[in-house]
Amino acid sequence: MKKSISCILAGALAAMMLAGCGSAAPETAPASETTAEAATSETTAAESAAETTTAEETTAAKESSAKETEAADNADKESAADDTDEAKVRVGSLKGPTSMGLVFLMQMAEEGTAANSYDFTMVTAADELLPKVVSGDVDIALVPANVASVLYNKTQGQISVIDINTLGVVYVAASDDSIKTMADLKGRTIYMTGKGTTPDYVFRYLLDANGLTDADVTLEYKSEPTEVAALLKEQPDAIGVLPQPFVTAACAQNENLKIVLDLTKEWENVQTEGGSQMVTGVTVVRNAFLEENPDAVDTFLEEHAKSAALVNEQLDEAAELVAKTGIIEKAPIAKKALPYCNITCITGSEMKDALSGYLQVLFEQDPKAVGGKLPADEFYYVK
């Protein structure tokens, strides 16, 4: 079994790289069962004693025994309910925009006001998070949209997507005010990161949808967003494709630099039918956990939606929480970046329409981007 999980994980990570992204302890009877056994013993003792008492005493003893048995049954039920309440929902996420919508929920959990009991883990890269999902150490995970599809295919459908947590967070930044459409990029050199990753596929798709080919633009790839940001600062005529919060940080360092194109809006301009949207992050759940704890998953969705709404409504407090959790170092930068991070919580059929259309585009660009094939309908948790 360990070998099988290792193979699955290795395959998932490889595909993601291409796409971008002793003795058993003796069993002890539960306390509730011990209580029930004690009640049974007391019942037997009472009945034995009743043989030498009067009929009235026998009736009293039996009534007392029945009450004790009923009390034991009630204790049994309360114990089971308590066990359910104490079960933690283990949530894993990535350090970036996909985690920003969780910050108020993290605060609620810390203060003890959340309906579920949570354990949060935040890591810097998907290859740190995926092993935790595969091994069952994480129940719910916030991951890049295409990585969810890759993981679904590599685990033979052992996960489901339950919401979209982030829409597009990629922007074109430049000092040139004349750039107003994708067509205005013709003949220009554009700096970006991640050749063969989802932002690259999306950008190339948008170029094609606007009548441009590889021959019309020059794409220069850098290894890190900070390299692109440095070029934008050094070269006044440079054009860069950057995700949040890097684009906000770059603009803060260069007063002439600004966002000239929002790739989420550009996506909407060309995807006019079917409800498809540009998706950055989704939330997935292990199906084994979902089957055992459907109410806990539904409660998470409600609390996630509430947290995401608060992030968009209360920018000052949200920025402080984002900085506190270490997603962005400084609250002022977080406050500037948050409105451009498209934090959301889309569920149900709207989620399915938005995500399936997005994955379809990636599949047409490169099937490996989504794990070789599009997920089945069961991938989408639609109630």
Side-chain angles (χ1 to χ4, degrees), residues 9 12-13 16 20-21 87-114 116-148 150-151 159 161-167 169 198 224-226 243-246 248-249 279-286 289 296-297 299-301 303-312 314-315 317-331 333-335 337-338 340-345:
L9 181 57
L13 294 179
M16 190 180 68
C21 341
K88 283 187 179 292
V89 181
R90 299 166 299 174
V91 181
S93 62
L94 299 174
K95 186 178 180 181
T98 53
S99 290
M100 291 181 185
L102 285 176
V103 294
F104 279 98
L105 179 52
M106 290 177 178
Q107 182 184 53
M108 290 162 56
E110 185 178 340
E111 295 173 348
T113 58
N116 278 334
S117 177
Y118 293 103
D119 181 20
F120 292 97
T121 300
M122 187 167 62
V123 299
T124 57
D127 58 2
E128 296 177 69
L129 185 56
L130 294 188
K132 298 180 183 295
V133 179
V134 174
S135 66
D137 293 330
V138 163
D139 306 310
I140 291 174
L142 286 73
V143 298
N146 75 303
V147 172
V150 171
L151 192 57
I159 63 163
V161 61
I162 57 176
D163 73 35
I164 293 171
N165 56 59
T166 320
L167 294 174
V169 298
T198 51
E224 299 289 340
T226 50
Q244 290 291 357
F246 295 99
T248 294
V279 182
T280 294
V282 301
T283 306
V284 301
V285 63
R286 291 188 301 108
F289 182 82
V297 174
T299 297
F300 167 81
L301 287 173
E303 296 191 312
H304 189 194
K306 179 180 179 180
S307 181
L310 288 172
V311 166
N312 291 315
Q314 301 179 16
L315 282 182
E317 187 176 354
E320 292 294 335
L321 290 174
V322 167
K324 178 184 176 181
T325 55
I327 299 172
I328 296 177
E329 185 177 349
K330 298 180 180 179
I333 296 296
K335 184 178 179 179
L338 277 168
Y340 299 99
C341 287
N342 287 317
I343 305 299
T344 190
C345 184

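What you are looking at is a predicted structure, and each value in this text was computed from that prediction instead of being measured.
Closest heavy-atom contact between Val89 and Ala296: CG2-CB, 4.2 Å. For the residue pair Ala141 and Val133, the shortest heavy atom distance occurs at CB-CG2, 3.7 Å. Closest heavy-atom contact between Leu94 and Thr98: O-OG1, 3.8 Å. Residues Cys341 and Val169 approach most closely at O-CG1, 3.3 Å, considering heavy atoms. For the residue pair Thr166 and Thr344, the shortest heavy atom distance occurs at N-CG2, 4.0 Å. The minimum heavy-atom distance linking Ala318 with Val103 is given by the pair O-CG2, 4.5 Å.
Atom CE of Met100 and atom CG of Leu338 lie 5.5 Å apart (nearest 0.5 Å). A distance of 15.0 Å separates NZ in Lys95 from CG in Leu129, rounded to the nearest 0.5 Å. Rounding to the nearest 0.5 Å places CG of Asp139 at 13.0 Å from CD1 of Ile159. Summarising the geometry, atom CD1 belonging to Ile343 is positioned 12.5 Å from atom CG belonging to Leu310; distances are rounded to the nearest 0.5 Å. Note that CZ of Arg286 is 8.5 Å distant from CG of Asp137, once rounded to the nearest 0.5 Å. Here CZ of Phe120 is found 4.0 Å from CG of Leu105. Values are rounded to the nearest 0.5 Å.
Taking a 6.0 Å sphere around CZ of Phe289, one finds it holds more than 12 heavy atoms contributed by other residues, nucleotides or ligands. Dense packing is recorded around CD of Gln314, with more than 12 heavy atoms of other residues, nucleotides or ligands lying under 6.0 Å away.
A donor-acceptor contact under 3.5 angstrom links the side chains of Asp163 and Thr283, judged on distance only. Side-chain contact of Ser99 with Ser93: a donor-acceptor pair under 3.5 Å is present, judged by distance alone. Donor-acceptor pairing under 3.5 Å is lacking for the side chains of Glu303 and Thr299.
Residues Gln107 and Glu317 meet the side-chain proximity criterion, which asks for heavy atoms closer than 4.5 Å. By the 4.5 Å heavy-atom criterion applied to side chains, Val138 and Val91 are not counted as neighbours. Residues Ile162 and Phe300 are in side-chain contact: their nearest non-hydrogen atoms beyond the backbone lie under 4.5 Å apart. The side-chain heavy atoms of Leu130 and Val147, taken from C-beta on, include a pair separated by under 4.5 Å. Between Leu321 and Ile327 there is no side-chain heavy-atom pair separated by less than 4.5 Å.
Asn165 contributes a side-chain N or O that, together with a main-chain N or O of Val282, makes up a donor-acceptor pair within less than 3.5 Å.
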(message) Test side-chain contact (heavy atoms from CB on, under 4.5 Å) on Val143 and Leu151; report intermediate values, then the result.
(response) CA-CA 10 Å; Val143 298; Leu151 192 57; over 6 Å; no
